Amino acid sequence: MTKIDDCTLILFGASGNLSRIKLIPGLFRLDTLDRLPEKMKILSVGRSPLEESAWRDDIKSMLDIKFKKNYDTKVFERFIARNFYQANPPSDENAFKKLSDRLSNKSTFPQNLAFFLSVRPSDFALIVDQLASVGLTEESKSWRRVVIEKPFGTNLETAQALQKSITKHLKETQIYRIDHYLGKSALQNILLTRFVNHIFDPLWTHEHIDHIQITNNETLGVGERTQFYDATGALRDMIQSHLMQMLALTTMEMPKTLSPENIRAEKIKALESIIPIPLNELHKHAFKAQYGRGKINGEEVKGYLEELKNPKSVVETYAALKFYINTPRWKGVPMYIRTAKRLHASDTAIAIKFKKAPLSLTEQADNWLVISIQPKEFTRFEIETKIQGLDTKVRTVAMDAPNRIKNDESIDAYESLLLNLMQGDQSLYLHINEVEASWRLLDPVIKAWIDDKSPVFTYEAGSSDPVESKVIFDNPEQFWRQSIEIGENKL
Ligand SMILES: NC(=O)c1ccc[n+]([C@@H]2O[C@H](COP(=O)([O-])OP(=O)(O)OC[C@H]3O[C@@H](n4cnc5c(N)ncnc54)[C@H](OP(=O)(O)O)[C@@H]3O)[C@@H](O)[C@H]2O)c1
């Protein structure tokens, strides 16, 4: 277990949704697991004045909801004693000086400081400026780290502007950019499955792999988030970070070691090796659609435009892309990435389709390796075996490896991220080169889609992929896997 320095976590936006649901309960869980350093403190910062006792009562209510009042009272007492509140009203020009003065009390607050900015993205740069103005980003005596929530920019230009602004005060080693998918154990498992099992590496090439599909589908619609979603779209919301990270983990070369630096270096190389989509052939590489009315689990649901109350929106709720990677390993192998709302099933998975064997039988299905991320976590090889009997016939069977077995600890992504933050391990956080590489690939597509005012394809809510999406496949034998289960695959 890596030793963690005593430190203070300063949580901006502590009363917000993310903090209530994930961060405070996540810190409490880490305390329950004895993973917080003994003297660690949490200073929550909000814009409104609040008595410390009222804040501690509020924390109790967050934990009561999250853990249904089922937690150890001794750990609770220890946890609550770590917590403090500081009001930072925007009208007070000395607010950050007061914050700095309070933090300088060494007997209460360990001097290694981690600032978690769980606030609106438009406030990230300003808060870093304000922290720097009172010397709180200065690392001469103890470490100073800043977590930037997602999204890191809304395109390449804004990402670079944010980077330029925060690097006036912070070095790369001080910046922790969140893609919470990287905190998921199932994503970390991709890397370990690939590299600690020697059997996979020889298979992981264009000689054996026909194509790869990276999928995140949901039955949920955009819900209350219509305005946010219409300004964002599926490409930015899911593909730009989460699915591109899954692609990087699936296709990266083996790192020299499993150290954070080496893993990140290989992920950066993988993202930078992806060939940009040629805009003159955009329709063969990128497909978008919107959900219309339909039924989810037997219930009628509205279409996207009805929910948005704007019949003119051309923003995608379904996005599918095809990329190639410019490395000898991946020569000519299409990488299909798709995400959708209101599809017939919810799943996040990586599905690798292998090439046909030289000796194939006519009824033979394809070999797939499926790494399922959610809702189920497993790795599954689908192979053909003989059906018992007199004939030479085969059927598909699964070699299943559950990634979660009974009594395994269940760790939320934010718990891993918070722990790594305190450990100074950046492997689960994004390097600026990854963020930029990803925006560089997606920006041109996003711009082309915004400019394209032609009618958008629609799919019925609760249906499978729009048939028109097949246009991006390299050949008629390729199809979207419809499920992580065997036998329900063809569109
Ligand atoms: N990684 C993910 O999956 C994920 C998911 C959801 C959200 N996010 C990101 O996480 C961040 C927070 O999201 P959220 O849903 O929690 O937002 P939220 O519910 O709107 O909360 C933001 C909080 O920030 C506080 N705040 C605003 N300006 C502040 C300042 N200058 N100093 C201190 N506190 C300030 C506000 O509280 P007061 O009014 O009390 O100050 C508010 O409660 C956003 O950047 C969002 O994009 C990430």
Side-chain angles (χ1 to χ4, degrees), residues 9-27 42-52 54-55 58-59 62 66 84-100 102-103 115-134 136 146-154 158-159 162 166 175-184 187 216 218 220 222-225 227-229 231-232 236-246 339 348 373-374 412-418 420-421 428-430 435:
L9 180 73
I10 300 99
L11 185 47
F12 283 81
S15 60
N17 204 31
L18 182 71
S19 166
R20 307 183 79 82
I21 293 173
K22 295 284 183 186
L23 305 179
I24 302 269
L27 288 161
I42 302 159
L43 179 61
S44 290
V45 181
R47 291 174 301 182
S48 325
L50 196 65
E51 290 297 322
E52 209 127 73
W55 177 242
D58 200 7
I59 292 180
M62 295 174 208
K66 181 80 180 188
F84 300 85
Y85 183 85
Q86 173 82 9
N88 241 24
S91 55
D92 181 356
E93 50 185 50
N94 291 320
F96 278 79
K97 176 76 177 65
K98 288 178 191 162
L99 174 68
S100 163
R102 185 157 185 204
L103 285 168
F115 299 93
F116 197 122
L117 308 191
S118 180
V119 294
R120 283 175 311 196
S122 53
D123 288 337
F124 295 155
L126 179 64
I127 294 181
V128 173
D129 279 346
Q130 288 166 317
L131 291 172
S133 72
V134 294
L136 283 171
V146 179
V147 179
I148 310 279
E149 253 300 339
K150 80 157 206 174
F152 196 91
T154 51
T158 51
L162 176 57
I166 63 177
I175 307 171
Y176 289 65
R177 298 176 196 80
I178 291 233
D179 175 337
H180 74 276
Y181 263 46
L182 292 179
K184 288 178 188 285
L187 248 76
N216 168 271
E218 295 176 74
L220 288 176
V222 297
E224 308 277 288
R225 304 194 307 157
Q227 297 310 320
F228 161 81
Y229 199 86
T232 307
R236 281 198 185 103
D237 191 37
M238 286 307 301
I239 296 186
Q240 189 275 332
S241 194
H242 303 327
L243 299 196
M244 293 305 278
Q245 282 296 316
M246 283 167 65
T339 183
T348 304
I373 308 292
Q374 59 189 27
D412 184 78
Y414 273 95
E415 292 164 30
S416 301
L417 291 165
L418 287 161
N420 278 23
L421 167 68
L428 301 185
Y429 288 87
L430 302 173
V435 176

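Read the numbers this way: they start at 1 and go in the same order the structure lists the ligands and their atoms. Note that this is a predicted model, so its numbers are computed, not measured.
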Would you mind reporting whether Y429 and I178 have side-chain heavy atoms less than 4.5 Å apart? yes
Is the closest N or O pair between L18 and ligand 1 shorter than 3.5 Å? yes
Heavy atom of N88 under 4.0 Å from ligand 1? no
Distance from atom 32 (N) of ligand 1 to nearest protein heavy atom, with residue and atom: F12 CD2, 3.6 Å
Short N-O contact, D237 and R225, less than 4.0 angstrom: yes
Less than 4.5 Å apart, any side-chain heavy atom of Y181 and any of I373? no
Per-residue contact class, F124 against ligand 1 - non-hydrogen pairs under 4.0 Å: side chain
Atoms of ligand 1 close to D123 [distance to a heavy atom under 4.0 angstrom, numbered from 1]: 28 (N)
Among all the protein's non-hydrogen atoms, which is closest to atom 46 (C) of ligand 1, and how far away is it? K150 O, 3.7 Å
So is F116 touching ligand 1 or not, going by heavy atoms under 4.0 Å? no
Taking side chain as C-beta onward, heavy atoms only, is V147 less than 4.5 Å from E149? no
Among all protein non-hydrogen atoms, which one is nearest to atom 1 (N) of ligand 1, and what is the separation to 0.1 Å? Y414 OH, 2.6 Å
H242 vs H180 aromatic rings, parallel, tilted or perpendicular, using cut-offs 30° and 60°? perpendicular
Quick check against the 3.5 Å criterion: does E52 have a side-chain atom that pairs as donor or acceptor with the backbone of Y85? yes
If you scan protein heavy atoms around atom 19 (O) of ligand 1, the nearest is N17 N, 2.9 Å
Can you find a heavy atom in the side chain of S241 that is under 4.5 Å from one in the side chain of P151? no
I'd like to know if the side chain of R236 reaches the main chain of T154, judged simply by a donor and an acceptor atom lying under 3.5 Å from each other, with no hydrogens or angles considered. yes
With heavy atoms of V45 as the reference, note each atom of ligand 1 found under 4.0 Å away. 33 (C), 34 (N)
For S15, the ligand 1 atoms with a heavy-atom partner under 4.0 Å come out as 37 (O), 38 (P), 40 (O), 43 (O)
Quick one: look up the protein heavy atom nearest atom 11 (C) of ligand 1 and list residue, atom name and how far away it is. V119 O, 3.5 Å
For atom 3 (O) of ligand 1, which of the options R20, R47, H242, H180 provides the nearest non-hydrogen atom? H180
Assess, by modelled atom type and distance only, whether the side chains of T348 and Q374 contain a donor and an acceptor separated by less than 3.5 Å. yes
Nearest neighbour in protein (non-hydrogen) for atom 48 (C) of ligand 1: E149 OE1, 3.0 Å
Tell me, do L428 and L187 make a side-chain contact under 4.5 Å, heavy atoms counted? no
Can you tell me the protein heavy atom closest to atom 42 (C) of ligand 1 and the distance? G16 CA, 4.2 Å
Which residue supplies the protein heavy atom nearest to atom 22 (C) of ligand 1, what is that atom called, and how far is it? S118 O, 3.7 Å
Return a yes/no value for G13: is any of its N or O atoms, backbone included, closer than 3.5 angstrom to an N or O of ligand 1? yes
